[in-house]
Amino acid sequence: DGREKLSGRAALDFVDTQNIGMTAWEIGTYLKETAVTDVHNIRLTSAGPLRNSFAFDARIRNSIVTVEYILDKGARTVKAVIRVDWREIGGETLPLLTYRLPLAYDTDSFLYDIPAGSVSRPAAEADRPGNSYICAGAESGDNMGMVADCKYGFRAVKRDGHAVLYATLINTAVNPDPFPERGMHDITLSIGLFSPDPAETQKAALSAVRPMAYLSTGSHKGDLPVSGTFCTVNCTGGVPSAVYAEDGALFVRVYSVSDRAEELTIAAGAKEAALVDLYGTVVGECAVEDGKAKTTLPAHGIVTVKMCL
């Protein structure tokens, strides 16, 4: 919408946290935040019509980090590809590596993804679990947020009238293992704008964490069309979570992040269909019309459709 969404630098932060009864599953109180600014070897890694990127190295006390920022054509997020050689150990305080995202707006509604859904939580001086992302609800327009490919602790706080998001990347705990995080870490964050629609945010996060695979091949003749779709799932508040084949049938599982029941349509050339539970046992009927399976997805519910093609 043309408005600035950030109020300051979005970057790595080194945090000293309290070491009183903390474990690998708990994050202590933030005592001191230090910006990672000891940067060197800044370099351009790609420049072209489809991708632009640059990278740099930085020292964090005893550790070394390499960060590459990547922006692809048409993308709504910037990727931060982070490789850390972590050499910190816990002592009087526990070292913590985070990514800090200071926003230009205030809110007390932060969206996290959870198994088969999403949940809105208020700001808190504590990490909260998320399967892959945190987004800060804006009064209008898109939400700022970040998606992590392998980290699950996020924090949303308020600072000087603005919301600030954190992704916890490395927690140097000393209990139960005294050196649990020593070594190499590879982390990818996707930082940028996300739809205020929870279903669209879920799909965008899923695409960031599990990008489409592709296979290059040589030029050759063939009978197949240059494009095509095997299966299409249509449901405004629904998010596909599983597609698999078993015993000659196709199974599609969809969960709802909507507050209301909605029609679910799956176009896959089905001849007959049925509703099944998580064990694959038939629990209900499913209408089929012109090769499309149609049923109702309950509010915040899960539906699995078994189709014979």
Check your understanding: Can you tell me how far CG of Asp127 sits from OG1 of Thr168, rounded to the nearest 0.5 angstrom?
Key -> 3.5 Å
Exercise for review: Rounded to the nearest 0.5 Å, what's the gap from CD1 on Ile42 to CZ on Phe54? Could you check?
Suggested key: 7.5 Å
Check your understanding: Same hydrophobic cluster for Val164 and Leu101, using side-chain heavy-atom links shorter than 4.5 Å among ILVMFWY?
Key -> no
Check your understanding: Just how far is it from atom NE2 of His162 to atom CG of Asp160, taken to the nearest 0.5 Å?
Key -> 7.0 Å
Check your understanding: Is Ile27 close to Leu96 at the side-chain level, that is, under 4.5 Å between some pair of heavy atoms?
Key -> yes
**Study point:** Whether over 12 other heavy atoms sit under 6.0 Å from Lys158 NZ
**Key:** yes
Review point. Does some side-chain heavy atom of Ser241 sit less than 4.5 Å from a side-chain heavy atom of Val254?
Key: no
Practice item. Please examine the side chains of Met307 and Phe251, heavy atoms only from C-beta on, and report whether any two atoms are closer than 4.5 Å. Key: no
Check your understanding: What pair of heavy atoms forms the shortest contact from Ala167 to Met146, and how long is it?
Key -> N-CE, 3.4 Å
Study note, to complete from the structure: Closest heavy-atom pair, Asn62 versus Arg87, reported as atoms and distance to 0.1 Å, is O-CD, 3.1 Å
Check your understanding: Please walk me through it: do Arg3 and Glu139 pass salt bridge (Lys or Arg N to Asp or Glu O under 4.0 Å)?
Key -> CA-CA 12 Å; Arg3 291 180 295 177; Glu139 289 187 2; over 6 Å; no
Review point. Do you know the tightest heavy-atom contact between Leu103 and Ala136?
Key: CD1-CB, 3.3 Å
Study note, to complete from the structure: Sorted by chain and residue number, the side chain to side chain contact (heavy atoms under 4.5 Å, CB included) partners of Ala148 (sequence neighbours excluded) come out as Lys151, Phe154, Leu189
Study note, to complete from the structure: Sequence neighbours excluded, the answer for side chain to side chain donor-acceptor pair (under 3.5 Å) partners of Ser109 is Ser120
**Study point:** Any Asp57 side-chain heavy atom under 4.5 Å of Val39 side chain
**Key:** no
Review point. Is Tyr255 reachable from Leu297 through a run of hydrophobic residues whose side-chain heavy atoms are each under 4.5 Å from the next?
Key: no
**Study point:** Heavy-atom neighbours of Arg260 CZ exceed 12 at 6.0 Å
**Key:** no
Exercise for review: Before accepting this row, confirm whether a basic side-chain N of the pair Arg76/Asp72 lies closer than 4.0 Å to the acidic partner's carboxylate O.
Suggested key: no
**Study point:** Arg159 and Val157: CA distance, side-chain angles, deciding distance, side-chain contact (heavy atoms from CB on, under 4.5 Å) verdict
**Key:** CA-CA 7 Å; Arg159 299 279 190 270; Val157 300; 3.5 Å; yes
Check your understanding: In terms of hydrophobic clusters joined by side-chain contacts under 4.5 Å, are Tyr69 and Ile64 together?
Key -> no
Review point. Atom OG1 in Thr201, atom CG in Asp113: separation rounded to 0.5 Å?
Key: 9.5 Å
Point to revise | Check against side-chain contact (heavy atoms from CB on, under 4.5 Å), Val303 and Arg253 | key: CA-CA 6 Å; Val303 164; Arg253 182 173 298 129; over 6 Å; no
Point to revise | Transitive ILVMFWY cluster of Tyr214, excluding itself - 4.5 Å side-chain cut-off | key: none
Review point. Are the charged groups of Arg83 and Glu68 less than 4.0 angstrom apart, N to O?
Key: no
Review point. Is there a donor-acceptor pair under 3.5 Å between the side chain of Gln18 and the backbone N or O of Ile20?
Key: no
Review point. Going by atom types only, do Thr45 and Arg51 share a side-chain donor-acceptor pair under 3.5 Å?
Key: no
Practice item. Output all residues satisfying ring pair (Phe, Tyr, Trp, His ring centres under 6.0 Å) with Phe56, sequence neighbours left out; order by chain, then residue number. Key: none
Sequence neighbours excluded and cut-off under 3.5 Å, please list the side-chain donor-acceptor pairs for residues 262-271, or say none.
residue, atom, partner, partner atom, Å
Glu262, OE1, Gly237, N, 2.6

Review point. Hey, quick one: are Met184 and Val67 part of the same hydrophobic cluster, counting side-chain heavy atoms closer than 4.5 Å, chains of contacts allowed?
Key: no
**Study point:** Cluster overlap Val239 with Leu275, hydrophobic side-chain contacts below 4.5 Å
**Key:** no
Check your understanding: Partners of Val36 by side chain to side chain contact (heavy atoms under 4.5 Å, CB included), sequence neighbours excluded?
Key -> Leu12, Ala58, Ile60
Check your understanding: If every non-hydrogen atom of Lys79 is compared with every non-hydrogen atom of Ser190, which pair is closest and at what distance?
Key -> CG-OG, 4.0 Å
**Study point:** Set of side chain to side chain contact (heavy atoms under 4.5 Å, CB included) partners for Thr188, sequence neighbours left out
**Key:** Val81, Asp149
Exercise for review: Keeping to residues at least two apart or across chains, list the side-chain hydrogen bond (donor to acceptor under 3.5 Å, both in side chains) pairs with something in residues 169-185.
Suggested key: Trp86-Thr172
Exercise for review: Report yes if the side chains of Leu94 and Asp16 come closer than 4.5 Å at any heavy-atom pair, otherwise no.
Suggested key: no
Study note, to complete from the structure: Rounding to 0.5 Å, atoms CZ (Arg121) and CZ (Arg128) come to a distance of 6.5 Å
Revision key, fill the gap. Note: Val257 and Gly117 closest approach over all heavy atoms is CG1-CA, 3.9 Å
Point to revise | Phe14 side chain reached by Glu88 side chain, heavy atoms, under 4.5 Å | key: yes
Review point. Among all residues two or more places apart in sequence or in another chain, which pass the ring pair (Phe, Tyr, Trp, His ring centres under 6.0 Å) test with Tyr112?
Key: none
Review point. Which is it for Thr17 and Thr93 under the side-chain contact (heavy atoms from CB on, under 4.5 Å) test, yes or no, and what are the steps along the way?
Key: CA-CA 6 Å; Thr17 66; Thr93 62; 5.9 Å; no
Check your understanding: Is Arg155 positioned over the aromatic face of Tyr30, cation under 6.0 angstrom from the ring centre and no more than 45 degrees off axis?
Key -> yes
**Study point:** Spacing of Arg43 atom CZ and Ser53 atom OG [to the nearest 0.5 Å]
**Key:** 10.0 Å
Study note, to complete from the structure: Residues at least two apart in sequence or cross-chain that pass side chain to side chain contact (heavy atoms under 4.5 Å, CB included) with Ala245, listed by chain then number, are none
Exercise for review: Decide yes or no for Val84 and Ile82: does some side-chain heavy atom of the first lie under 4.5 Å from some side-chain heavy atom of the second?
Suggested key: yes
Going by atom type alone, with no hydrogens or angles, which donor-acceptor pairs under 3.5 Å involve a side-chain atom of residues 279-287 and a protein atom two or more places apart or on another chain?
none

Exercise for review: Would you please test Leu193 and Asn143 for side-chain contact (heavy atoms from CB on, under 4.5 Å) and show each step?
Suggested key: CA-CA 6 Å; Leu193 297 172; Asn143 301 331; over 6 Å; no
Review point. Quick check: are there more than 12 heavy atoms from other residues, nucleotides or ligands sitting under 6.0 Å from CG of Asp186?
Key: yes
Practice item. Could you tell me whether a side-chain N or O of His300 sits under 3.5 Å from a main-chain N or O of Pro298, the two making a donor and an acceptor? Key: no
**Study point:** Distance-minimising heavy-atom pair for Ala35 and Asp13
**Key:** CA-OD1, 3.5 Å
Point to revise | Residue pair Tyr166 / Glu33, side-chain heavy-atom distance below 4.5 Å | key: yes
Exercise for review: Answer yes or no: is there a donor N or O on one side and an acceptor on the other, between the side chain of Ser256 and the main chain of Ser258, under 3.5 Å?
Suggested key: yes
Exercise for review: Give the other cluster members for Tyr133, using side-chain heavy-atom distances under 4.5 Å between Ile, Leu, Val, Met, Phe, Trp and Tyr residues; answer none if it is isolated.
Suggested key: Leu111, Val147, Phe194, Val209
